Every structure is written in C-alpha cells, then in structure tokens.
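These numbers were taken from a predicted model, which means no experiment stands behind them. FYI, side chains are in, hydrogens and waters are out, and symmetry mates aren't considered; it's all heavy atoms of this structure.
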Amino acid sequence: MNATVPLAPRSALTSFASLGSNGILNAPVSIGWNVPQLVQIEDRPGELPSATTFEVWDAIKSVQYSGAPTLRMYPLSICCTSSVPNSQFYHITAAQTINETMMVAIDEALQYANEAGVRIVFPLIDWWRLESHPPFNFSPTTSSYRGGIAEFAAFRGLSKTDFYTNAQLISDFEWFIESILNRQNTLTGVLYKEDPAIFAWETGNELSLYESTPYPPGAWTLRIASFIKSIDSNHLVMDGTNGVSDGVSVWSDLQSSGVLALDSPVDMFTNHYYSCTVKRDTSRLRLK
C-alpha cells in the first residue's frame with residue numbers, strides 16, 4: 001500500500017526541542033522508541049529498499065499512539081562500490097554524492113512526524129559494517145550492512161582509521177552534513193535545519209562501540225558539533241561516541257578536549273546497552 005493515510009488529529013509541532021538553563025530538556029522526550037527501519041527496510045533478503053509511504057506512515061503512527069513523543073532513526077546508508085548487489089538502495093553512493101531517490105522516505109517521515117507531533121533523533125553516520133551482520137552478508141570484503149565510516153573513507157581510498165583525522169574525509173563529511181541540514185523537503189518545502197520534527201542531530205551511531213577501533217577524538221566531536229551549530233541554530237546536537245563503551249579513556253578525552261564543558265556545542269551524550277554488554281558497560285559507568 002503506497003497511498004497516503006491521514007493521521008489522527010493532533011497539534012502540529014510549533015517549537016524546537018531545547019535545553020533549559022539547568023540543562024534539562026524543555027520538550028517532553030524522556031521516553032521514545034528506536035526505529036531503525038523508519039526509512040529503509042532491512043528484512044528483505046538481498047535488498048535494503050527505501051520504506052514505502054505506508055511503512056513510513058505506519059511507523060510514525062505507531063509511535064504517536066504509543067504516547068511516546070520521540071523516535072530514533074538509523075543513519076543514512078553508504079555504498080562503497082558498485083559491485084555491491086542492489087547498490088541503488090543506498091543514500092550515499094560516492095564521495096560528495098547523495099542518492100535523491102532514497103531521500104524521499106526521509107522527507108515523508110518528517111512530514112508525518114510534524115503532523116503527528118513526533119520528534120526524530122537523526123544520526124548522521126554509522127560505525128557498523130556488513131560482516132558484523134551475517135544475515136545481510138552480500139560480500140564481507142566489499143560490501144556493508146548499511147555502510148559506515150569505513151565505506152565513507154573508501155570513497156577516497158582510505159580506511160576507517162583515517163575518518164577522524166584526514167582533512168579530505170573531514171571535508172567530505174562536512175559537505176554531507178551541510179547538504180542534509182540545508183536540504184529542502186520535497187513534500188513540505190521546509191529546510192531540514194528549520195524542521196521542528198527533528199529533535200537532534202547525532203554525530204554518529206556507536207562510533208566507539210569496541211576498543212579495537214578508534215573512538216572519535218574530542219577535537220573531532222567539537223569540530224563537527226560546532227559545524228552543525230554554525231549552520232543550524234535551531235536543533236540540539238547529540239554526541240554519537242557511545243559514551244562508556246571504551247570506558248574511562250573516552251570520558252577523559254571528552255573532558256580534556258572541552259566536549260563536556262558547559263559552553264560546549266554538544267548538548268547530549270548517549271550510551272547503548274545490550275544484553276551481551278550491559279554488565280561490562282555498567283561496570284564502567286562513572287558519575288561525573
């Protein structure tokens with residue numbers, strides 16, 4: 001079903017989520033849902049197609065009627081080589097190149113979210129690769145789950161270890177961020193940076209999930225957050241480092257770099273807890 005279905009009556013969003021002077025959210029978004037398939041479907045073998053209009057609407061409606069006012073989507077997908085099967089099902093297909101066809105579902109999600117009074121956390125890039133998800137494994141050496149920093153770096157013949165320090169990759173990532181923030185919704189005409197349905201921009205998804213990969217340096221996080229705020233003064237910025245997964249070393253760097261300072265452009269910090277890692281993660285929590 002692809003027809004647009006009207007949502008139940010509810011006031012449209014008229015303001016942006018923000019922090020008060022005490023650092024507490026002014027918007028009631030303390031409870032929400034993780035909706036990784038909001039705009040891209042994972043469970044169709046050999047494909048990662050864009051969600052249909054009905055699938056997008058149905059997800060937003062489900063969140064609305066749950067009573068939870070917010071959701072978190074998954075980062076945009078990245079394809080590093082044309083040899084990947086169905087490579088048209090990716091949002092970023094080359095250096096400084098965005099697949100317009102795949103962006104329409106995001107436009108729809110924002111349109112419906114505004115109508116429903118739902119806000120969306122928007123992560124910008126992923127850490128994960130396909131070989132970490134065997135059911136989706138097209139080719140462990142050349143393809144990706146949805147694509148992340150490794151695939152982004154591969155556009156320039158570089159590796160994921162270069163992502164946070166290489167000048168060209170940082171420039172490419174800032175180009176991507178600027179393109180997303182300044183995107184005009186094809187259905188509503190609203191620029192993403194002016195859309196109250198976006199709760200926050202998150203610098204990435206689980207960017208320091210494992211100690212075997214470099215976590216984002218505080219200097220990089222500050223630069224990206226400041227870059228976002230230089231273009232978009234309306235929205236909050238969430239750190240995607242994935243806080244405690246690398247223990248004290250991550251937090252020490254965030255402190256010394258100024259990311260945790262009161263005047264930091266980063267508004268929020270996150271951590272993801274799974275049944276397989278919660279014991280490890282909770283043992284590393286530190287009260288700051």
Side-chain angles (χ1 to χ4, degrees), residues 36 39-40 42 48 50 72-103 105-106 121-133 136-183 192 201-210 212-228 231 237-242 245-246 270 272:
V39 298
Q40 191 167 21
E42 302 172 355
L48 288 169
S50 179
R72 180 180 183 270
M73 59 180 279
Y74 207 74
L76 274 62
S77 54
I78 306 172
C79 178
C80 61
T81 170
S82 60
S83 65
V84 175
N86 298 308
S87 58
Q88 73 270 21
F89 294 133
Y90 290 81
H91 294 92
I92 306 171
T93 55
Q96 301 195 8
T97 304
I98 295 176
N99 181 1
E100 173 63 26
T101 301
M102 291 293 292
M103 293 298 296
I106 303 176
V121 176
F122 198 127
L124 291 167
I125 197 165
D126 198 10
W127 176 87
W128 287 97
R129 298 193 64 177
L130 175 63
E131 53 265 38
S132 303
H133 298 266
F136 301 97
N137 194 355
F138 301 129
S139 172
T141 58
T142 61
S143 61
S144 65
Y145 167 53
R146 290 201 197 179
I149 61 174
E151 286 71 27
F152 195 92
F155 291 143
R156 300 293 187 181
L158 300 168
S159 71
K160 63 184 178 184
T161 58
D162 301 308
F163 181 75
Y164 304 114
T165 57
N166 181 269
Q168 180 63 67
L169 293 180
I170 293 174
S171 177
D172 286 345
F173 191 49
E174 289 178 339
W175 176 92
F176 164 69
I177 292 171
E178 185 172 8
S179 298
I180 296 299
L181 270 57
N182 284 323
R183 177 177 174 79
Y192 279 23
W201 302 108
E202 187 177 6
T203 57
N205 177 58
E206 300 182 342
L207 295 179
S208 70
L209 192 64
Y210 293 111
S212 60
T213 58
Y215 61 82
W220 179 89
T221 299
L222 275 180
R223 173 170 177 164
I224 296 304
S226 296
F227 184 76
I228 292 171
I231 300 171
V237 173
M238 180 182 291
D239 173 44
T241 299
N242 200 41
S245 288
D246 193 58
T270 65
H272 297 175

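Checked against salt bridge (Lys or Arg N to Asp or Glu O under 4.0 Å), Arg72 has the following partners two or more places apart in sequence or in another chain: Glu202.
Put simply, CZ on Phe155 and CG on Leu169 are 10.5 Å apart, with the number rounded to the nearest 0.5 Å. Rounding to the nearest 0.5 Å gives a distance of 10.0 Å between CD1 of Ile149 and CZ of Phe173. Rounding to the nearest 0.5 Å gives a distance of 6.0 Å between OG1 of Thr241 and CG of Leu207. Atom CZ in Arg156 sits 13.0 Å away from atom CG in Asp162 (nearest 0.5 Å). To the nearest 0.5 Å, atoms CD1 (Ile228) and CD1 (Ile177) are separated by 5.0 Å.
The two residues Gly240 and Thr203 come nearest to each other via the heavy atoms N-OG1, 2.7 Å. The nearest pair of heavy atoms linking His91 to Gln40 is CE1-OE1, 3.5 Å. Closest heavy-atom contact between Ile170 and Tyr164: CD1-O, 3.5 Å. Between Ala95 and Asp172, the shortest heavy-atom contact is CB-OD2, 4.3 Å.
By the 30° and 60° cut-offs, the orientation of the rings of Phe152 relative to Phe163 is perpendicular.
The side-chain heavy atoms of Ile125 and Ile92, taken from C-beta on, include no pair separated by under 4.5 Å. Glu178 places a side-chain heavy atom less than 4.5 Å from the side chain of Phe227. When side chains are defined from C-beta on, Phe122 counts as touching Tyr192, because their heavy atoms get closer than 4.5 Å.
A donor-acceptor pair under 3.5 Å is absent between the side-chain atoms of Ser77 and the main chain of Gly147, judged by distance alone. Ser171 places no side-chain N or O within donor-acceptor distance of the main-chain N or O of Ala167, the cut-off being under 3.5 Å. A distance-only check finds no donor-acceptor pair linking the side chain of Thr97 to the backbone of Thr93 [under 3.5 Å].
Just one of Asp126, Asn99, Ile180 meets the side chain to side chain contact (heavy atoms under 4.5 Å, CB included) condition when paired with Leu76; it is Ile180.
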Legend entry - side chain to side chain contact (heavy atoms under 4.5 Å, CB included) assessment of Ile224 paired with Glu174: CA-CA 7 Å; Ile224 296 304; Glu174 289 178 339; 4.3 Å; yes

Legend entry - Chi angles and distances behind the side chain to side chain contact (heavy atoms under 4.5 Å, CB included) call for Arg183, Ile98: CA-CA 11 Å; Arg183 177 177 174 79; Ile98 295 176; 5.9 Å; no

